[in-house]
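Letters A, B, ... mirror the listed sequences (proteins, then strands); counts begin at 1. All values reported here derive from a predicted model rather than from experimental measurement.
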Amino acid sequence: MAVSGWLLAKTPAANRQSPAAWSKTMADKYIPQDIEPKWQKRWEDTEIYKTGPADKRPKYYILDMYPYPSGAGMSVGHAHNYVPPDVVARTYRMRGYNVLHPMGFDAFGLPTENAAIKEKVNPHELNEAYSANYVRQFKLMGLSYDWSRLFNTAHPSFYRWTQWIFVQLFESWYDPRKDKASPVAELEQELRERGSGDIHDYIDSHPAHVGAIGKTTQPVTAAEWNAMSRKQQNAYLMGFRLAYRADSMVNWDPVDKVVVANEEVDAQGRAWRSGAVVIKKTLRQWFFRITAYASRLVEDLSIVDWPDKIVSMQRNWVGKSMGAEVDFVIDDGRRGGSEAATGDGAEPSSVSRLPSIRVYTTRPDTLWGATFMVLSPEHPLVAQITTEAQREAVEAYIAKAKAETDESRTDESKAKTGVFTGAYAINPVNNERIPIWIADYVLMTYGTGAIMAVPAHDQRDFEFARKFGLPIVQVVAAEGGKGNGIGLTEAYEAKEGVMVDSGPITGTPAGKPSIDAAIAFCEEGGVGKRRVNYRIRDWLISRQRYWGTPIPIIHTADGEVTVPDNELPLRLPEVENYEPTQTGESPLATIPDYVEVKDSNGNIIGHRETDTMATWACSSWYFLRFPDPFNDKAAFNYDELKYWMPVDMYVGGAEHAVLHLLYSRMWTKVLFDLDFVPFTEPFMRLRNQGMILAPEKVIDEHGRAIFEKMSKSKGNVITPDEVVAEHGADALRAYEMFISDFAATVPWSTQGVPGVRRWLDRVWRIALSADEDKGTPQKFTARELRRAAHQTIQRYDRDIESFGFNTIISGMMEYTNMLFKARDAGLAGTPEWAEAIDILVRLLAPVAPHMAEELWERMSGGYSIHQQSWPKFDAAAAREDEITIPVQINGKVRDRLVVAVDTDEDTIKQLAVASDGARRYINGTPPKQVIYVKGRLVNIVV
RNA sequence: GCCGGAGUGGCGGAAUUGGCAGACGCGCGCGACUCAAAAUCGCGUUCCUUCGGGAAUCUGGGUUCAAUUCCCAGCUUCGGCACCA
């Protein structure tokens, strides 16, 4: 009761105080839990982060790779992805840019679907629940997304346009002569009038365009085309379309019961989601013809500012190599041997009725050293050329190869295996008769599935030749020397040296000169030509699953046609059961209402495609949707796109290097070719964040102490929720910035957050209660205070450009320390002090938006700090008046000079030589040299 | 094997790109305040030292007045690709 009485007595007096005075006496403690929810609500109510349409201001589009929401929610590792870009977005807003900083959800795909099956909950419901939880966490961290633009890729208003783009791809082909995508209608007209000969000829003479049309697509004449049925024509067009359906050897994931793309399988043959070893199956699947864009995907890497690592990964993935294709005629056995040949690359006298075997080689100059050929066991000519005597052995080998997993088959350490087919080919450059073998070290998926073997100069061919006793002929010799290849213990790298025993190119330096000479020789003889080869294969997009964007295709008696535009979106049917089938068919195939397409009389006129698109389709264009996210007339508004795109800064994980980041580039180029978008690259700058590991070391299977990834199953996840609850969102944000270099992988430190929290407490105290708790008196001038403030602005501005978030925080910590020093020197209350605190709060706004808002309100009574301008850097204020110049003798610091900043060079040199520290080492003799680096140091050489 | 990163105190990391190595923070130690603790504040904290200094940025060379930074060789480590013809 006594206490209450005291309070009652005091209250009227307190009420008479001004709010400012009240704040100084009563509200000095920083309690983030009190202020953060208050400001988050106010920001939302007043929509201060909402971005308007295109305007006259310079724009800045900063995008985080949108997340795939999971039931586990976000960890502090996810927060590390999103906080630094938010700081950049907030800084650019205060600098006067029109900033687009949106968020969306990548919702379709296996994890949600698998969770739905396991928990027996509809994936639509799970999607909404997971996404809502992510939004809650984002808001908890004070992230300044424009929530009015939030979308979810599993909503029909979004996937309707994913389907529209699919249709554009289906109705387009890559015209190699224009080097761009063009309407299939134009192609059909050309086929009607002229056939496809011109297109094939063009590709033949422009090897970089090998991917423009299907490998097995043969030329047709106009007459042949016009004689085809519509069904045959549609089948033929599949060899051209940018979205096409084909039988293909695919990676089948037996756990998820679905096919996966090459990009989704690691080097051990495991699917990246399920971790299951994939099985090779031949299935009819939908693909996007990314190989048509192989060349441009490599070239345009030069116009983007991306991490070297990602650029090189994309280059390697596309895997462009230069070489030649050479045709080897199969010897039909009616000839005795090479004596029948006429030489000079002319046709052998006995022309084989069998087709020739085409090989791809990057070293056509070593043709004269080709002593045998090797075909992949899957090569289509194997059955045809195998002799009766060898048939049993060959078939047994093929059966064995088929049974093996890719993992064991491509194990390099394993000894070479293979079988002779009994057939021979004629080496076209020297008419030597060489045996044809099959071996699993030759892959059907690369090049032509057949090689010429040059054992003297290729390690694999060498091992094979040694094992099976095949001849080894050396055709490259080190300068001045020559060997016969006998007694070699390993293949000799054909990188340098000179060609020997190589007919017309003998004596040519090995390398580009010999390769060019060999290609010229082959082209002249009509046996081969220059060729570009790409490692990349077409992008497999179809999935035998329910939870994805339905593919808008109808199979009719005449072949595949698209779902008419006015019937889009083709909606996912609401069903009870969406479990994958045992047959490998999509669950949609079991729903007659969905599958059957009927005319107005109820007659079935076609069947809908039942595969859905992999979620990569959604993420390949979602960034194009944010500028006009709810347009129901078009996928995007051209004017808004033109203003906002390309993305200025894209931030996300490096794990998407050859997935999303490659696919998005292809789609952007297609849309550019079709005049839908006015740019060829979607992301001008890209930055990858590092991973945050769990804080505790554990002992791995090798007995080493290591840090692990955070994972729900290991129970080592630290959530932003728990950090915010204890120290507030601002401390979490500051620590996410401060923890390490942005791109570095580093363990979370539980002691780090209290560290930055202490800094924020100090900021709070110095901003609000500068006249309390004075420390020991200091010497610090108003001039020095201004200098510290403006140097901090300068450092912030520099560091934010280079993504140096950790040094932004350390710079602001140093500035805070200096403010305490200035306070102890009695500067509080001066005009310079007011400016210094004003700058502090503005610089703090992007980093600790809640605290900055609270401080701003208490200091100025205004709202909102986030709509204030960025502090202007004053170079004069930042300039040093005096500088300390270290004096070195032979590179070692022996003294220091404190001089006015504009002291001239001669004076500084004289002072340096005369300094006590220097004189002790000079010993009277004149120095050999005195070097002065302006404003840095003096080095005296004695 | 090929491609691309990275190696700096007990820890996370700075160093204006050739110019004072170790900013800032964590941790630790000492001290102030306190009956005490917490919080807070102050001081110290690369190593060796005979207190003059000396040695240090993965190792060994090199260029330079000067190297964490550039060059050569090697080691370790992370990521990617890989019987790619």
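- Contact annotation: A/R758 reaches the phosphate of B/rC26 (side-chain N/O to OP1 or OP2, under 4.0 Å).
- A salt bridge does not link A/D906 to A/K909: none of the charged nitrogens lies less than 4.0 Å from a carboxylate oxygen.
- Distance from the side chain of A/R765 is smallest for B/rC41 among the nucleotides B/rA23, B/rC84, B/rC41.
- Proximity note for A/T361 (side chain, C-beta onward) versus B/rA85, B/rA23, B/rC41: the nearest is B/rA85.
- Between the CD1 atom of A/I536 and the P atom of B/rG80 there is a distance of 18 Å, given to the nearest Å.
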Protein-to-nucleotide contact annotation, 5' to 3' order, nucleotides 44-57 of chain B [B base; S sugar-phosphate only; - none; under 4.0 Å, heavy atom]: ---------SSS--
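- B/rU40 sits 48 Å from B/rC75 when the C1' atoms are compared, rounded to a whole Å.
- For A/R530, the salt bridge (Lys or Arg N to Asp or Glu O under 4.0 Å) test picks out A/D516, with sequence neighbours left out.
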Please produce a list of atom pairs where a protein N or O lies less than 3.5 Å from an N or O of nucleotides 16-20 of chain B.
| from | atom 1 | to | atom 2 | distance (Å) |
| --- | --- | --- | --- | --- |
| B/rU16 | O2 | A/R936 | NH2 | 3.2 |
| B/rU16 | N3 | A/R936 | NH1 | 2.9 |
| B/rU16 | N3 | A/R936 | NH2 | 2.7 |
| B/rU16 | O4 | A/R936 | NH1 | 2.7 |
| B/rC20 | O2 | A/R896 | NH1 | 2.2 |
| B/rC20 | O2 | A/R896 | NH2 | 3.2 |
| B/rC20 | N3 | A/R896 | NH1 | 3.2 |

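- Using a cutoff of 4.0 Å between basic side-chain nitrogens and carboxylate oxygens, A/R757 and A/D761 are scored as salt-bridged.
- For the side chain to side chain contact (heavy atoms under 4.5 Å, CB included) with A/D461, the lone residue among A/T371, A/L470, A/I451, A/I472 that qualifies is A/I451.
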Side-chain donor/acceptor pairs under 3.5 Å, residues 740-749 of chain A, sequence neighbours excluded:
| from | atom 1 | to | atom 2 | distance (Å) |
| --- | --- | --- | --- | --- |
| A/D741 | OD2 | A/A743 | N | 3.1 |
| A/T745 | OG1 | A/M691 | N | 3.3 |
| A/S749 | OG | A/Q751 | N | 3.3 |
| A/S749 | OG | A/G752 | N | 3.2 |

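- The salt bridge (Lys or Arg N to Asp or Glu O under 4.0 Å) check on A/E880 picks up A/R787, with sequence neighbours excluded.
- Summarising the geometry of A/M452 relative to A/V359, their closest heavy-atom pair is N-CG1, 3.7 Å, with the distance given to 0.1 Å.
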What N/O pairs connect the protein and nucleotides 8-12 of chain B at under 3.5 Å? Give each pair on its own line.
| from | atom 1 | to | atom 2 | distance (Å) |
| --- | --- | --- | --- | --- |
| B/rG12 | O2' | A/I739 | O | 2.3 |

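- The residues A/E784 and A/K821 are annotated as not salt-bridged, no charged nitrogen and carboxylate oxygen being separated by less than 4.0 angstrom.
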